[in-house]
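Structure first, commentary second.
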Amino acid sequence: MARVLVVEDEPALRFSLERSLLRAGFDVTVAASAAEGWEHLADADVLVLDWMLPDEDGLRFLARLRRTPAYESLPVLMLTARASEADRVEGLLGGADDYLTKPFSTAELAARLTALLRRGRPPLRLERGRLRIDRERMEVCLDGEDVSLTRREFDLLAFLAAHPGRVYAREELLERVWGADFAGTSRTVDQHVAQLREKLGREWIETVRGRGYRFRECR
Ligand code: CA
(Lines give C-alpha, C1' and ligand atoms only; values in the text may rest on other atoms or scores of the structure.)
Protein backbone atom coordinates (compact mmCIF):
# COMPACT_ATOMS: atom_id res chain seq x y z
CA MET A 1 0.00 0.00 0.00
CA ALA A 2 1.45 3.37 -0.99
CA ARG A 3 2.30 5.62 1.94
CA VAL A 4 1.25 9.26 1.70
CA LEU A 5 2.51 11.92 4.06
CA VAL A 6 0.26 14.99 4.27
CA VAL A 7 1.77 18.16 5.74
CA GLU A 8 -1.07 20.63 6.27
CA ASP A 9 -1.61 22.97 9.19
CA GLU A 10 -5.34 23.61 8.72
CA PRO A 11 -7.03 21.05 11.01
CA ALA A 12 -10.27 20.66 9.03
CA LEU A 13 -8.48 20.17 5.71
CA ARG A 14 -5.92 17.85 7.28
CA PHE A 15 -8.67 15.69 8.72
CA SER A 16 -10.65 15.54 5.49
CA LEU A 17 -7.51 14.73 3.46
CA GLU A 18 -6.66 11.93 5.85
CA ARG A 19 -10.15 10.45 5.62
CA SER A 20 -10.50 10.68 1.86
CA LEU A 21 -7.00 9.35 1.09
CA LEU A 22 -7.57 6.43 3.46
CA ARG A 23 -10.80 5.73 1.63
CA ALA A 24 -8.92 5.91 -1.68
CA GLY A 25 -6.68 3.09 -0.46
CA PHE A 26 -3.58 4.94 0.71
CA ASP A 27 -1.73 4.46 3.95
CA VAL A 28 -1.82 8.00 5.38
CA THR A 29 0.32 9.89 7.87
CA VAL A 30 -0.56 13.49 8.71
CA ALA A 31 1.59 16.28 10.11
CA ALA A 32 0.52 19.76 11.22
CA SER A 33 3.83 21.54 10.71
CA ALA A 34 7.02 21.39 8.66
CA ALA A 35 8.99 20.16 11.66
CA GLU A 36 6.53 17.37 12.33
CA GLY A 37 6.43 16.49 8.62
CA TRP A 38 10.20 16.19 8.41
CA GLU A 39 10.10 13.55 11.17
CA HIS A 40 7.89 11.31 9.05
CA LEU A 41 9.58 11.73 5.64
CA ALA A 42 11.49 8.46 5.85
CA ASP A 43 8.23 6.49 5.80
CA ALA A 44 6.64 8.28 2.84
CA ASP A 45 6.36 7.18 -0.80
CA VAL A 46 4.78 10.47 -1.81
CA LEU A 47 4.38 13.82 -0.06
CA VAL A 48 1.43 16.24 -0.10
CA LEU A 49 2.85 19.55 1.06
CA ASP A 50 0.96 22.72 1.92
CA TRP A 51 2.63 25.93 0.81
CA MET A 52 1.77 28.09 3.81
CA LEU A 53 2.88 26.41 7.01
CA PRO A 54 3.27 28.06 10.42
CA ASP A 55 6.92 27.20 11.01
CA GLU A 56 8.48 27.06 7.52
CA ASP A 57 7.49 28.12 4.04
CA GLY A 58 6.53 25.06 1.94
CA LEU A 59 9.00 25.99 -0.80
CA ARG A 60 11.82 26.30 1.68
CA PHE A 61 10.91 22.92 3.11
CA LEU A 62 10.93 21.50 -0.41
CA ALA A 63 14.34 22.97 -1.21
CA ARG A 64 15.75 21.49 1.99
CA LEU A 65 14.25 18.13 1.09
CA ARG A 66 15.77 18.13 -2.41
CA ARG A 67 19.21 18.80 -0.95
CA THR A 68 18.92 15.68 1.20
CA PRO A 69 20.07 12.61 -0.76
CA ALA A 70 17.51 10.30 0.84
CA TYR A 71 14.62 12.48 -0.38
CA GLU A 72 15.83 13.91 -3.67
CA SER A 73 13.60 11.50 -5.59
CA LEU A 74 10.53 11.61 -3.32
CA PRO A 75 7.52 12.71 -5.43
CA VAL A 76 5.95 15.90 -4.04
CA LEU A 77 2.56 17.45 -4.75
CA MET A 78 2.13 20.99 -3.44
CA LEU A 79 -1.12 22.45 -2.18
CA THR A 80 -1.66 26.17 -2.35
CA ALA A 81 -4.30 28.81 -2.09
CA ARG A 82 -2.43 30.94 -4.61
CA ALA A 83 -3.57 30.46 -8.17
CA SER A 84 -1.44 32.80 -10.24
CA GLU A 85 0.74 31.44 -13.05
CA ALA A 86 3.89 32.89 -11.49
CA ASP A 87 3.34 30.93 -8.31
CA ARG A 88 2.86 27.73 -10.25
CA VAL A 89 6.14 28.16 -12.07
CA GLU A 90 7.93 29.01 -8.84
CA GLY A 91 6.52 25.88 -7.23
CA LEU A 92 7.66 23.62 -10.06
CA LEU A 93 11.12 25.16 -10.15
CA GLY A 94 11.30 24.62 -6.42
CA GLY A 95 11.30 20.87 -6.97
CA ALA A 96 7.58 20.02 -6.79
CA ASP A 97 6.34 17.36 -9.22
CA ASP A 98 2.71 18.46 -9.26
CA TYR A 99 0.43 21.11 -7.96
CA LEU A 100 -3.16 21.62 -6.79
CA THR A 101 -4.85 24.90 -5.99
CA LYS A 102 -7.35 25.02 -3.12
CA PRO A 103 -10.20 24.19 -3.21
CA PHE A 104 -9.70 20.90 -5.06
CA SER A 105 -11.53 17.61 -5.29
CA THR A 106 -10.03 14.78 -3.26
CA ALA A 107 -10.74 12.41 -6.15
CA GLU A 108 -8.45 14.50 -8.32
CA LEU A 109 -5.80 14.56 -5.60
CA ALA A 110 -5.92 10.75 -5.29
CA ALA A 111 -5.66 10.35 -9.08
CA ARG A 112 -2.67 12.66 -9.26
CA LEU A 113 -0.90 10.90 -6.41
CA THR A 114 -1.40 7.57 -8.15
CA ALA A 115 0.07 9.01 -11.34
CA LEU A 116 3.05 10.45 -9.46
CA LEU A 117 3.71 7.12 -7.78
CA ARG A 118 3.56 5.29 -11.09
CA ARG A 119 5.86 7.77 -12.73
CA GLY A 120 8.25 8.03 -9.80
CA ARG A 121 10.97 10.60 -9.96
CA PRO A 122 14.10 8.69 -10.78
CA PRO A 123 17.09 10.98 -11.05
CA LEU A 124 18.94 10.49 -14.33
CA ARG A 125 22.38 10.60 -12.81
CA LEU A 126 23.38 9.63 -9.33
CA GLU A 127 26.73 9.94 -7.60
CA ARG A 128 27.27 7.93 -4.47
CA GLY A 129 30.86 8.17 -3.35
CA ARG A 130 33.01 6.24 -5.84
CA LEU A 131 29.95 5.01 -7.67
CA ARG A 132 28.27 6.78 -10.60
CA ILE A 133 24.94 5.62 -11.99
CA ASP A 134 23.62 6.97 -15.28
CA ARG A 135 20.05 5.94 -16.02
CA GLU A 136 19.93 7.51 -19.44
CA ARG A 137 22.88 5.44 -20.68
CA MET A 138 22.27 2.51 -18.31
CA GLU A 139 25.88 2.78 -17.18
CA VAL A 140 27.52 2.20 -13.84
CA CYS A 141 31.07 3.33 -13.09
CA LEU A 142 33.06 2.41 -10.01
CA ASP A 143 36.23 4.48 -9.54
CA GLY A 144 35.85 5.60 -13.15
CA GLU A 145 35.69 2.03 -14.54
CA ASP A 146 32.61 0.73 -16.31
CA VAL A 147 30.88 -2.14 -14.57
CA SER A 148 28.79 -4.46 -16.70
CA LEU A 149 25.40 -5.20 -15.14
CA THR A 150 22.31 -7.01 -16.38
CA ARG A 151 19.14 -5.00 -16.81
CA ARG A 152 17.65 -6.20 -13.50
CA GLU A 153 20.87 -5.69 -11.59
CA PHE A 154 21.00 -2.16 -12.92
CA ASP A 155 17.36 -1.44 -12.02
CA LEU A 156 17.78 -2.81 -8.51
CA LEU A 157 20.96 -0.84 -7.89
CA ALA A 158 19.49 2.39 -9.29
CA PHE A 159 16.35 1.99 -7.19
CA LEU A 160 18.20 1.36 -3.94
CA ALA A 161 20.78 4.07 -4.62
CA ALA A 162 18.01 6.61 -5.24
CA HIS A 163 16.87 6.08 -1.62
CA PRO A 164 20.06 5.73 0.43
CA GLY A 165 19.59 4.69 4.02
CA ARG A 166 16.06 3.48 3.51
CA VAL A 167 15.27 -0.17 4.18
CA TYR A 168 13.21 -2.11 1.64
CA ALA A 169 11.69 -5.51 2.27
CA ARG A 170 12.34 -8.14 -0.42
CA GLU A 171 8.64 -8.22 -1.37
CA GLU A 172 8.62 -4.46 -1.83
CA LEU A 173 11.75 -4.59 -4.02
CA LEU A 174 10.12 -7.28 -6.14
CA GLU A 175 7.10 -5.08 -6.66
CA ARG A 176 9.01 -1.83 -7.26
CA VAL A 177 11.84 -3.18 -9.41
CA TRP A 178 10.43 -6.27 -11.12
CA GLY A 179 6.80 -5.16 -11.20
CA ALA A 180 3.66 -6.38 -9.46
CA ASP A 181 2.93 -9.15 -11.98
CA PHE A 182 6.39 -10.71 -11.87
CA ALA A 183 6.21 -14.26 -10.48
CA GLY A 184 9.54 -14.20 -8.61
CA THR A 185 10.26 -14.91 -4.96
CA SER A 186 12.36 -13.15 -2.37
CA ARG A 187 15.20 -15.49 -3.47
CA THR A 188 15.25 -13.58 -6.77
CA VAL A 189 16.12 -10.41 -4.86
CA ASP A 190 18.78 -12.18 -2.78
CA GLN A 191 20.41 -13.55 -5.92
CA HIS A 192 20.56 -10.14 -7.56
CA VAL A 193 21.99 -8.52 -4.45
CA ALA A 194 24.66 -11.24 -4.34
CA GLN A 195 25.53 -10.59 -8.00
CA LEU A 196 25.76 -6.84 -7.38
CA ARG A 197 28.04 -7.42 -4.39
CA GLU A 198 30.25 -9.64 -6.50
CA LYS A 199 30.58 -6.97 -9.18
CA LEU A 200 30.76 -3.82 -7.02
CA GLY A 201 32.06 -5.00 -3.68
CA ARG A 202 30.09 -5.69 -0.53
CA GLU A 203 29.96 -2.21 0.93
CA TRP A 204 27.12 -0.67 -1.12
CA ILE A 205 24.10 -2.74 -0.24
CA GLU A 206 23.60 -3.65 3.40
CA THR A 207 21.48 -6.48 4.70
CA VAL A 208 19.20 -5.38 7.53
CA ARG A 209 18.43 -8.56 9.42
CA GLY A 210 14.76 -9.49 9.39
CA ARG A 211 13.81 -6.43 7.34
CA GLY A 212 15.49 -6.35 3.94
CA TYR A 213 18.13 -4.31 2.17
CA ARG A 214 19.31 -0.75 2.08
CA PHE A 215 21.84 1.29 0.15
CA ARG A 216 24.57 2.60 2.41
CA GLU A 217 24.42 6.32 3.16
CA CYS A 218 27.49 8.05 1.73
CA ARG A 219 29.13 10.93 3.47
CA1 CA B 1 -1.64 26.34 5.40
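Both counts, for ligands and for their atoms, begin at 1 and track the order of listing.
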Among residues at least two apart in sequence or on other chains, which ones pass side-chain contact (heavy atoms from CB on, under 4.5 Å) with Arg64? Trp38, Glu56, Phe61, Arg67
Report the residues that fulfil side-chain contact (heavy atoms from CB on, under 4.5 Å) with Asp9, sequence neighbours left out, ordered by chain and then residue number. Asp50, Leu53, Pro54
Do Tyr213 and His192 have side chains that get closer than 4.5 Å, going by heavy atoms? no
Under 3.0 Å from the Ca ion (ligand 1) - protein N/O/S, by chain and number: Asp9 OD1, Asp50 OD2, Met52 O
Give a yes or no answer on whether the side chain of Glu10 reaches the backbone of Ala12 with a donor-acceptor pair at less than 3.5 Å. no
Taking 4.0 angstrom as the limit, do Glu206 and Arg214 come out as a salt bridge? yes
Among residues at least two apart in sequence or on other chains, which ones pass side-chain contact (heavy atoms from CB on, under 4.5 Å) with Ala32? Arg14, Glu36
